[in-house]
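Below: one structure, written as structure tokens.
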There are 2 protein chains.
Amino acid sequence: MHDAIDTTFSPLQNHLLVALPEEVQTRIFPFLELEKLELGQVIYEAGGKLAYVHFPVDAIVSLLYVMESGASAEISVVGNEGLIGVALFMGGESTSSRAVVQSAGHAYRLKGSMLTEEFNRHGKLLELMLRYTQSLITQMAQTAVCNRHHSIDQQLCRWLLLSLDRLPDNHLTMPQELIANMLGVRREGVTEAAGKLQKLGVIDYHRGHITVLDRSKLEELSCECYDVVKTETDRLLPYALPKKSA
Amino acid sequence: MHDAIDTTFSPLQNHLLVALPEEVQTRIFPFLELEKLELGQVIYEAGGKLAYVHFPVDAIVSLLYVMESGASAEISVVGNEGLIGVALFMGGESTSSRAVVQSAGHAYRLKGSMLTEEFNRHGKLLELMLRYTQSLITQMAQTAVCNRHHSIDQQLCRWLLLSLDRLPDNHLTMPQELIANMLGVRREGVTEAAGKLQKLGVIDYHRGHITVLDRSKLEELSCECYDVVKTETDRLLPYALPKKSA
DNA sequence: AAAGTTCTGTGCGCTAGCGAACACACTACT
DNA sequence: AGTAGTGTGTTCGCTAGCGCACAGAACTTT
């Protein structure tokens with residue numbers, strides 16, 4: 001699919017890792033393990049003890065809450081701007097949500113004990129992790145509001161944009177059924193909303209392959225939620241703005 | 001209503017403050033200022049820089065998101081188990097939500113600089129704040145899911161229970177209009193849901209005065225969300241379980 | 001080429017919640 | 001006692017989204 005995709009990866013492709021001072025990098029980089037993440041793979045289960053934190057490089061991971069009834073909803077999205085497993089350093093060691101791979105790719109994982117050790121040095125890593133956590137909080141809060149007030153059409157746009165920002169290209173592989181799980185709506189609802197976008201020439205959708213054709217139109221059709229999250233994330237994590245800083 | 005309610009307050013009535021080691025208490029308690037909080041008072045505005053953190057003793061504060069359209073939704077509730085203003089130590093200094101007093105009462109406030117100074121000593125206070133923040137995250141995530149999947153009836157029960165847990169008695173002063181703002185629904189929707197509860201003898205509702213008569217019934221009628229949040233909060237903040245630990 | 005699987009489109013009846021409009025409280029003021 | 005104000009109950013038509021059921025299209029397997 002890609003020509004360059006199977007070249008070597010580097011931890012520097014993750015915005016948090018690249019922003020660490022060299023001293024910290026030399027301490028923890030040797031312990032990073034590259035892991036391949038398949039679509040749908042569960043990185044950790046709700047309530048389970050976290051053994052690792054994951055720093056995505058080209059994968060996208062969703063924090064998903066699954067209810068007793070089986071109904072689900074996405075709480076937030078994580079790409080190479082962040083990490084999966086904040087509960088580890090926040091002190092809880094587990095979360096009530098599940099982490100699922102939304103777009104296949106790769107991530108570096110680090111043993112929980114290694115991370116907390118560095119965290120407890122109370123240096124730049126702590127500061128970065130906390131700022132990232134706040135951006136996560138913003139995203140979750142916005143998701144709550146969006147779930148309450150906005151239409152499926154708008155939410156789909158928001159979701160596509162959030163995914164797009166974390167993707168190397170404008171192409172996403174994911175059947176409508178899974179998108180429906182993320183948004184917490186019926187598959188048919190997604191079919192309809194995606195159909196509209198298709199008709200407008202904003203996206204191209206074929207059997208689980210979405211290509212975004214008109215990004216600005218997408219932003220226009222989305223609710224304010226995308227913008228709020230984006231702006232706040234950029235404010236909190238300024239280093240993540242340029243493509244690379246290394 | 002209470003005989004003891006207008007006696008002097010103490011910072012020890014806040015579960016976070018009471019859990020601090022004595023050494024930290026002697027450092028920061030002299031700087032705590034007792035503040036009276038009126039119903040509807042805005043403690044901080046969305047996007048505004050935070051000057052203080054607030055530790056409620058007998059007040060309840062809601063983190064509320066207000067959209068461009070004016071529609072709103074509650075993100076989480078804070079009582080004497082927590083504090084208002086986590087963004088201060090998380091590094092963001094501001095939030096996209098507003099903090100509104102949901103139940104009048106009192107809180108101790110502490111200058112932001114005082115808090116961050118103590119936070120940066122990287123002791124027990126840091127640990128407590130982070131654990132509390134994670135419980136906030138859990139609550140926000142659950143709110144997002146609840147907004148997506150549960151009926152107004154269920155959500156009202158959840159909301160009442162969360163408020164009840166943070167209240168000295170089983171009585172709450174708040175018109176349906178404001179509850180509607182919190183839940184992000186129409187006032188009429190609340191009227192209907194509250195009417196049902198009234199008919200079932202679960203609550204007594206008269207012109208903004210709610211008295212909970214049958215708490216266990218309320219738990220039964222609520223969605224799973226209340227329980228999830230409660231359990232997780234108790235797990236993360238075990239010191240908050242008994243009445244006092246000092 | 002045939003058969004099976006996965007993904008998408010469509011149609012239909014149903015309900016929760018919305019928006020608006022209004023009548024009736026109960027409280028407070030003067 | 002009267003009047004204004006605030007909180008509550010109710011009604012009615014409307015729409016978004018649900019649950020279900022099925023048809024067809026596009027890939028996969030053999």
Side-chain angles (χ1 to χ4, degrees), chain A residues 1 38-40 67 69-74 102 104 145-160 171-200 202-211 221 223, chain B residues 38-40 67 69-73 102-104 145-160 171-200 203-211 221 223:
Chain A
M1 201 170 299
E38 311 285 358
L39 177 60
M67 301 200 313
S69 68
S72 62
E74 188 183 74
Q102 188 198 103
V145 179
C146 199
N147 279 349
R148 162 63 66 222
H149 293 291
H150 297 138
S151 69
I152 297 189
D153 292 7
Q154 293 175 305
Q155 291 189 53
L156 178 59
C157 293
R158 180 199 50 141
W159 187 86
L160 284 172
H171 183 268
L172 182 58
T173 302
M174 171 161 272
Q176 298 184 346
E177 176 81 42
L178 288 193
I179 300 186
N181 288 163
M182 297 297 163
L183 298 184
V185 300
R186 284 183 320 154
R187 196 221 76 223
E188 291 90 328
V190 175
T191 304
E192 205 183 328
K196 289 185 201 167
L197 291 180
Q198 178 111 259
K199 219 159 265 170
L200 289 169
V202 178
I203 62 169
D204 184 60
Y205 205 141
H206 279 311
R207 288 187 69 74
H209 293 273
I210 313 173
T211 310
L221 293 170
C223 45
Chain B
E38 311 285 357
L39 176 60
M67 301 200 313
S69 68
S72 63
Q102 188 197 102
S103 178
V145 179
C146 200
N147 279 350
R148 163 63 65 224
H149 293 290
H150 296 138
S151 69
I152 297 189
D153 293 6
Q154 294 176 304
Q155 292 189 52
L156 177 59
C157 293
R158 180 200 51 142
W159 188 86
L160 284 171
H171 183 267
L172 182 58
T173 302
M174 172 159 272
Q176 298 183 346
E177 177 81 42
L178 288 194
I179 300 186
N181 287 163
M182 298 295 164
L183 298 184
V185 299
R186 284 183 319 155
R187 198 221 76 221
E188 291 89 327
V190 175
T191 304
E192 205 183 327
K196 289 186 202 169
L197 292 179
Q198 179 112 260
K199 218 160 263 168
L200 288 169
I203 62 169
D204 184 60
Y205 206 141
H206 280 311
R207 290 187 69 75
H209 292 273
I210 314 174
T211 311
L221 292 171
C223 46

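Residue numbers start from 1 in every chain, and the chains themselves are labelled A, B, ... in the order their sequence lines are given, proteins ahead of strands.
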Can you tell me the distance, in whole Å, between the CD atom of B:E192 and the C1' atom of D:dT10? 10 Å
Nearest whole angstrom, please: distance from the P of C:dT8 to the CG of A:L197. 14 Å
Which letters describe nucleotides 23-30 of chain C, given B = protein heavy atom under 4.0 Å from base, S = only from sugar-phosphate, - = neither? --BBS---
Contacts of A:I152 meeting side chain to side chain contact (heavy atoms under 4.5 Å, CB included) (sequence neighbours excluded), chain-then-number -> A:V185, A:A193
Listed partners of B:H206 passing ring pair (Phe, Tyr, Trp, His ring centres under 6.0 Å), at least two apart: none
Over all atoms of both residues, closest heavy-atom pair of A:Y205 and A:P175: OH-C, 3.5 Å
Expressed as a whole number of angstroms, how long is the span from A:L156:CG to C:dT8:P? 12 Å
Rounded distance (nearest 0.5 Å) linking atom NE2 of B:H209 with atom CG of B:D204: 11.0 Å
Got a sec, which residues hit side chain to side chain contact (heavy atoms under 4.5 Å, CB included) with B:R187, two or more places apart in sequence or on another chain? B:Q176, B:E177, B:A180, B:T191
note: A:N181, atom CG; C:dC7, atom P; distance rounded to Å ~ 12 Å
Could you tell me how far apart A:L178 (CG) and C:dC7 (C1') are, to the nearest whole angstrom? 11 Å
How far does NE2 of A:H171 sit from OG1 of A:T211, to the nearest 0.5 angstrom? 4.0 Å
With sequence neighbours excluded, tell me which residues meet side chain to side chain donor-acceptor pair (under 3.5 Å) with B:N181. none
Grab the NE2-C1' distance between A:H209 and D:dA25 for me, whole Å please. 15 Å
B:D204 CG to D:dG7 P: how many Å, rounded? 17 Å
Report the distance from atom OH of B:Y205 to atom C1' of D:dT8, rounded to the nearest whole Å. 9 Å
Does the side chain of B:L197 reach to within under 4.5 Å of the side chain of B:L160, using non-hydrogen atoms? yes
Report the residues that fulfil side chain to side chain contact (heavy atoms under 4.5 Å, CB included) with B:S151, sequence neighbours left out, ordered by chain and then residue number. B:D153, B:Q154
Answer yes or no: is there a side-chain heavy-atom contact under 4.5 Å between B:Q155 and B:R158? yes
Contact letters for nucleotides 12-23 of chain D, in which S counts primed atoms plus P, OP1 and OP2 and B counts the base, heavy atoms under 4.0 Å: -----SBBBB--
Terminal helix-axis angle for the helix from C:dA1-D:dT30 to C:dT30-D:dA1, with five pairs defining each axis and rounding to 10 degrees: 30°
Taking only residues two or more places apart in sequence or in another chain, which ones pass side chain to side chain donor-acceptor pair (under 3.5 Å) with A:E74? A:S62, A:Q102, A:W159
Could you tell me whether the phosphate oxygens of D:dT8, OP1 or OP2, come under 4.0 Å of any side-chain nitrogen or oxygen in B:Q198? no
